[in-house]
Amino acid sequence: MIDSNIFEKMLRKNRIFKNRDVLRHSYTPEYLPHRKEQIESIASILLPALSGETPSNILIYGKTGTGKTATVKFVGKQLEEASRKMNVHCYVHYLNCEIIDTQYRVLATLAKALGRNVPMTGWPTDQVYEEVREAIDGKDQTVIIVLDEIDKLVKKGDDVLYNLSRINSELKNARVSLIGITNDLKFKNFLDPRVLSSLSEEEIVFPPYNATQLEDILAQRAELAFHDGVLDEGVIPYCAALAAHEHGDARKALDLLRISAEIAESREEEKVTKEHVREAVKKMERDNIVEVVRTLPNQSKIVLYSMILLHKNGKRKFITGEVYAVYKTLCKKVGMDVLTQRRVSDLLSELDMLGIINSIIISKGRYGRTREMRLDVPMDAVKEAILDDYRFEVLRDYEDRLLSSSLDMFD
DNA sequence: CCTCCACCGGAAAGCCGGGTCA
DNA sequence: TGACCCGGCTTTCCGGTGGAGG
């Protein structure tokens with residue numbers, strides 16, 4: 001018997017997604033619900049570009065998932081289209097400063113986008129700047145530079161911003177205007193006041209979406225992303241409500257919808273239900289915690305691992321002294337410095353802040369006052385995240401022995 | 001009502017790596 | 001280059017404390 005092609009078989013099974021990419025962050029939709037106001041203000045600020053004048057610089061604020069990037073990209077596209085029709089030279093260059101995070105890289109990337117051949121490393125910065133300036137001034141044009149996550153750039157020194165914000169005075173034929181995007185309201189404080197005043201000639205704030213608005217966004221994307229009728233009644237409102245509850249983040253809402261659908265898909269079910277959404281929430285929370293654990297300092301990992309062992313030993317609540325005793329033996333096993341109890345106590349309160357453990361300070365009267373805590377995480381996932389570090393591999397082998405010997409002292 | 005446990009948590013100082021400036 | 005500073009982490013020291021047991 002001949003098996004049919006495995007991909008064909010899988011595709012035939014795929015009754016859920018029509019186009020998964022529509023739900024990804026990188027996708028820029030044709031139409032942005034509930035951003036009319038912002039689109040219009042940006043457009044009206046950029047309008048002079050079409051008549052050969054210099055548009056004001058813009059600074060855009062808004063929490064993650066409020067549509068800042070999508071809106072700017074959208075308006076940028078429209079502007080380039082309009083300019084093409086009107087035979088005006090007007091270009092928008094988009095840079096994400098999270099990735100392109102040094103002065104040199106920003107300039108080099110710009111130079112490349114403008115058609116100059118600049119190596120990604122090696123040249124003196126001045127020379128690259130000069131190259132950029134020449135490339136821009138080479139013809140009568142308006143260049144709009146979008147700096148997304150601009151706060152990331154400022155933390156490494158704001159020379160580029162200073163240079164770019166004054167570039168207009170060195171240009172004869174062309175005009176430059178800047179659009180900075182940030183979700184960090186405090187970043188202004190780190191900025192050179194001269195740069196700030198130039199950069200924030202105009203400021204636009206993107207408010208978070210509410211539940212109804214998120215619903216519209218989801219509905220619009222779902223139309224493109226899914227086959228007809230695969231979404232159960234109530235799935236979209238549910239996702240929207242959950243995301244609205246958490247700061248109105250459209251990105252989160254879309255993730256939620258996508259992951260719910262992926263769960264349904266992996267189980268080869270025909271429909272996406274609210275139950276899938278609930279599981280998606282759990283999965284996202286778990287992934288989140290695992291990520292937090294992974295990036296914990298080593299000492300904290302050991303402290304956390306001590307608690308996991310205690311938990312595995314059948315204890316649901318533990319006090320500082322118990323955790324510290326286990327912690328000490330574990331440290332010796334992995335050959336790490338043993339911190340003082342005072343310090344471990346601080347690490348424990350940090351874990352509490354992160355929501356990895358639940359703890360309260362209680363008094364056991366005669367038996368002292370201490371922190372009583374319990375673990376509040378998906379145990380196995382967290383354990384794997386810790387053991388992932390090669391230095392802690394050894395703990396896997398010792399686990400049983402630790403359980404049977406050194407933990408006996410705490411009943 | 002007093003004691004005293006087992007730790008909490010503030011203060012201060014030491015250590016260390018990285019960055020700055022003359 | 002070395003002197004110096006900064007900030008994060010850690011230790012040392014220690015006063016403080018809620019409540020079970022006496």
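Any value given below was found using the heavy atoms of this structure, including those in side chains, with hydrogens, waters and symmetry copies removed. We name chains A, B, ... by the order of the sequence lines, and we start the count at 1 in each one.
Taking atom CD1 of A:Ile362 as the reference point, atom P of C:dG19 lies 10 Å away to the nearest angstrom. The distance between atom CZ of A:Arg342 and atom P of B:dA12, rounded to the nearest whole Å, is 14 Å. In this structure, A:Ile361 places its CD1 atom 9 Å from C1' of B:dC7, rounding to the nearest Å. Atom P of nucleotide B:dC5 and atom OH of A:Tyr367 are separated by 11 Å, given to the nearest angstrom. Rounded to whole Å, the distance from NZ on A:Lys364 to P on B:dT3 is 24 Å. If you measure from atom CG of A:Asp346 to atom P of B:dC7, you get 15 Å, rounded to the nearest angstrom. When rounded to the nearest whole Å, the span between CD1 of A:Ile360 and P of C:dG18 equals 14 Å. Rounded to whole Å, atom C1' of B:dC8 lies 14 Å from atom CG of A:Asp352.
Across all strands, A:Ser363 comes closer than 4.0 Å to base atoms (heavy-atom distances). Nucleic acid contact class of A:Val344 (heavy atoms, under 4.0 Å, all strands): none.
Between the side chain of A:Arg369 and the base of C:dT17 there is at least one donor-acceptor pair of N/O atoms closer than 3.5 Å.
Phosphate contact (OP1/OP2 of C:dT11, side-chain N/O of A:Thr340, threshold under 4.0 Å): present.
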#### Entry: A:Lys274 vs A:Glu279, salt bridge (Lys or Arg N to Asp or Glu O under 4.0 Å): CA-CA, chis, key distance, verdict
CA-CA 9 Å; A:Lys274 279 170 96 171; A:Glu279 299 210 19; over 6 Å; no
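Taking CG from A:Asp346 and CG from A:Leu351, the interatomic distance works out to 11.0 Å, rounded to the nearest 0.5 Å.
Here A:Tyr61 and A:Phe206 keep their ring centres 6.0 angstrom or further from each other.
No side-chain heavy atom of A:Tyr91 sits less than 4.5 Å from a side-chain heavy atom of A:Ile144.
Closest to the side chain of A:Arg343, from the set C:dC9, B:dC7, B:dG10, is C:dC9. Closest contact between the side chain of A:Arg366 and the listed nucleotides C:dG21, C:dT12, C:dC9 involves C:dG21.
The closest donor-acceptor contact from the side chain of A:Asp232 to the backbone of A:Val235 lies at 3.5 Å or more, if one exists at all.
DNA chain B is contacted by both A:Gly365 and A:Ser345; A:Gly365 maps to the nucleotide lying nearer its 5′ end (nearest heavy atom per residue).
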